[in-house]
K.L.:
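Here it is, the structure, as structure tokens.
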2 protein chains.
Amino acid sequence: MADHAHHDGPPLTRNQQAVLAALKGADKPLTAYDVLGLPAIRKAGMKAPLTIYRALDKLIDQGLVHRIESLNAFVHCGHGPHDHATGFLICTDCGRTLEVHLESCETHLAGRAREQGFAVDNVRVEMTGRCPECAARAAAS
Amino acid sequence: MADHAHHDGPPLTRNQQAVLAALKGADKPLTAYDVLGLPAIRKAGMKAPLTIYRALDKLIDQGLVHRIESLNAFVHCGHGPHDHATGFLICTDCGRTLEVHLESCETHLAGRAREQGFAVDNVRVEMTGRCPECAARAAAS
DNA sequence: CCAAGAATGTAATGATATAACGTTTATTGT
DNA sequence: ACAATAAACGTTATATCATTACATTCTTGG
């Protein structure tokens, strides 16, 4: 099996692979400096923030990683590349995020924009709240 | 007329008034350091970033100002305080933003979250693209 | 007035992100 | 294969965004 099973962009470089693997292995979004601090990343020889940001930029271009604006953090896109808008559910208790696809909503949102004469390129939705586990734990207490 | 016509929260302090006035006078979102650099702000005696951030925090609490996450910038809420979600249309050419209300969309978005067992507190939507003026200018060239 | 809480001032620092420049590695055309 | 080009990378410094810590002043209710 190729090292880019769901992916038809250019093959990933060593640095890009290392950063993508780091995000895949994390259970929540990581900042660039979080990534930089990981042993596996240091082992791969990456030691400057710019190295991480460059890899992240490419991964984002290819749709393999998303940036969570309100956290200044990055998360692996579990659904593989896709072209419709995505939303993120961010748990304020545990910090984990869930990605939701917004096929239908996107049309609606972009429509609200078009009413204003605005030509939309990109839609980002971030919602904070409690994930099922944390909501349950809070209810139990 | 009182100095808080559409507003029933606590009266604004001098610093808060100065920062709010700065944002009202700007034609696009300002960063905290943009605000700090304004002559009117220096005249008001504010000279440290923290002073600006503290005022912004209070204004945001009261719904008079919104933070645009993807710009790390702040904008006056032209609609007065409100409790439904808002979206921002951010022009990538001129940097101006338009605020749109998402009464109907919010339900939809929160519904997508609820499907996942997620209890949503807060919804933020940011869309990038071209404003009517910049789209027209681009088409003309 | 006086105590309590909120807001502010000041300095230092922490956290996030990019610029500038040179070198190395990969790709492409011939 | 080889040179030309482009992409990625390394290194250092720096720019940009935000908070901690602690002392002081202002406001407000008793």
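Below, chain A is the first sequence line, B the second, and so on; all start at residue 1.
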K.L.:
Classify the side chain of B:Y33 versus the base of D:dA15 as yes if they form a donor-acceptor pair under 3.5 Å and no if they do not.
P.N.:
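Donor-acceptor pair under 3.5 Å: no.
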K.L.:
Tell me if the centroids of the rings in A:H66 and A:F74 come within less than 6.0 Å of each other.
P.N.:
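Aromatic pair excluded; centres sit 6.0 Å or further apart.
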K.L.:
So for the helix from C:dC1-D:dG30 to C:dT30-D:dA1, with five pairs setting each end axis, what is the inter-axis angle to 10°?
P.N.:
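The angle separating the two end axes equals 40°.
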K.L.:
Return the minimal non-hydrogen interatomic distance between B:A32 and B:L56, and the atom names on each side.
P.N.:
CB-CD1, 4.1 Å
K.L.:
From CD of A:E69 over to C1' of C:dA17, roughly how many Å is that when rounded to an integer?
P.N.:
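That distance rounds to 13 Å.
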K.L.:
Let's see if you can work this out: which of C:dA11, D:dC9, C:dT8 has an atom nearest to the side-chain heavy atoms of A:R54?
P.N.:
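Of the options given, the side chain of A:R54 lies nearest D:dC9.
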K.L.:
Rounded to the nearest angstrom, tell me the gap between atom CG in A:L59 and atom C1' in D:dA8.
P.N.:
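Checked: the CG to C1' distance equals 13 Å.
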K.L.:
From the options D:dT19, C:dT16, D:dT12, select the nucleotide whose nearest atom is closest to the side chain of A:Y53.
P.N.:
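Looking only at heavy atoms from C-beta outward on A:Y53, the closest nucleotide is C:dT16.
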K.L.:
Judged by atom type as modelled, is there a donor-acceptor pair below 3.5 Å linking the side chain of A:R42 to the main-chain atoms of A:L36?
P.N.:
yes
K.L.:
In whole angstrom, what separates A:L36's CG from D:dG10's P?
P.N.:
12 Å
K.L.:
Pick base, sugar-phosphate or nothing for B:A32, based on heavy-atom distances below 4.0 Å to the nucleic acid.
P.N.:
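Nothing, no heavy atom under 4.0 Å.
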K.L.:
Report yes if at least one side-chain N or O of A:R67 is closer than 4.0 Å to OP1 or OP2 of C:dA17; otherwise report no.
P.N.:
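Indeed, a polar side-chain atom of A:R67 lies that close.
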K.L.:
With nearest nucleotide decided by heavy atoms, which residue, A:N72 or B:K58, maps closer to the 5′ end of DNA chain C?
P.N.:
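Result: B:K58.
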K.L.:
Take the protein atom CD1 of A:I68 and the nucleotide atom P of C:dT16, then report the distance between them rounded to whole Å.
P.N.:
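Rounded to whole Å, this separation is 14 Å.
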K.L.:
Within the 3.5 Å criterion, strictly below it, is a donor on A:S70 or A:E126 matched to an acceptor on the partner's side chain?
P.N.:
yes
K.L.:
When the distance from CE of A:M46 to P of D:dC9 is rounded to whole Å, what number comes out?
P.N.:
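Those two atoms, CE and P, are 7 Å apart.
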K.L.:
Is the phosphate of D:dC9, meaning OP1 or OP2, less than 4.0 Å from a side-chain N or O of A:T13?
P.N.:
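For D:dC9, OP1 or OP2 has a side-chain N or O of A:T13 closer than 4.0 Å.
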K.L.:
Between C:dC21 atom P and A:L50 atom CG, what is the distance in whole Å?
P.N.:
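In whole Å, C:dC21 P and A:L50 CG are 14 Å from each other.
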K.L.:
Strictly below 4.0 Å: does A:K47 bring a side-chain N or O up to OP1 or OP2 of D:dT11?
P.N.:
yes
K.L.:
Nearest heavy atom decides the nucleotide; on that basis, is B:A44 or B:P49 closer to the 5' end of DNA chain C?
P.N.:
B:A44
K.L.:
How many whole angstroms separate atom CG of B:L12 from atom P of C:dT8?
P.N.:
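Result: 10 Å.
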K.L.:
Are A:L98 and A:I90 close enough, and set up right, to give a side chain to side chain contact (heavy atoms under 4.5 Å, CB included), and what steps lead you there?
P.N.:
CA-CA 7 Å; A:L98 229 65; A:I90 303 164; over 6 Å; no
K.L.:
Return the value, rounded to whole Å, for the distance between atom CD1 of A:I52 and atom P of C:dA15.
P.N.:
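After rounding, the reported distance stands at 17 Å.
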K.L.:
Counting only pairs under 3.5 Å, give me each side-chain donor-acceptor contact of residues 105-114 of chain A, with atom names and distances, residues two or more places apart or in other chains.
P.N.:
from, atom 1, to, atom 2, distance (Å)
A:E106, OE1, A:A85, N, 3.0
A:H108, NE2, B:S104, OG, 3.4
A:R112, NE, A:E115, OE1, 3.4
A:R112, NH1, B:H101, O, 2.8
A:R112, NH2, B:H101, O, 3.0

K.L.:
Measure from the side-chain N and O atoms of A:D61 to the backbone N and O of A:K58, and report whether any donor-acceptor pair falls under 3.5 Å.
P.N.:
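Checking the backbone N and O of A:K58 against the side chain of A:D61, no donor-acceptor pair under 3.5 Å is found.
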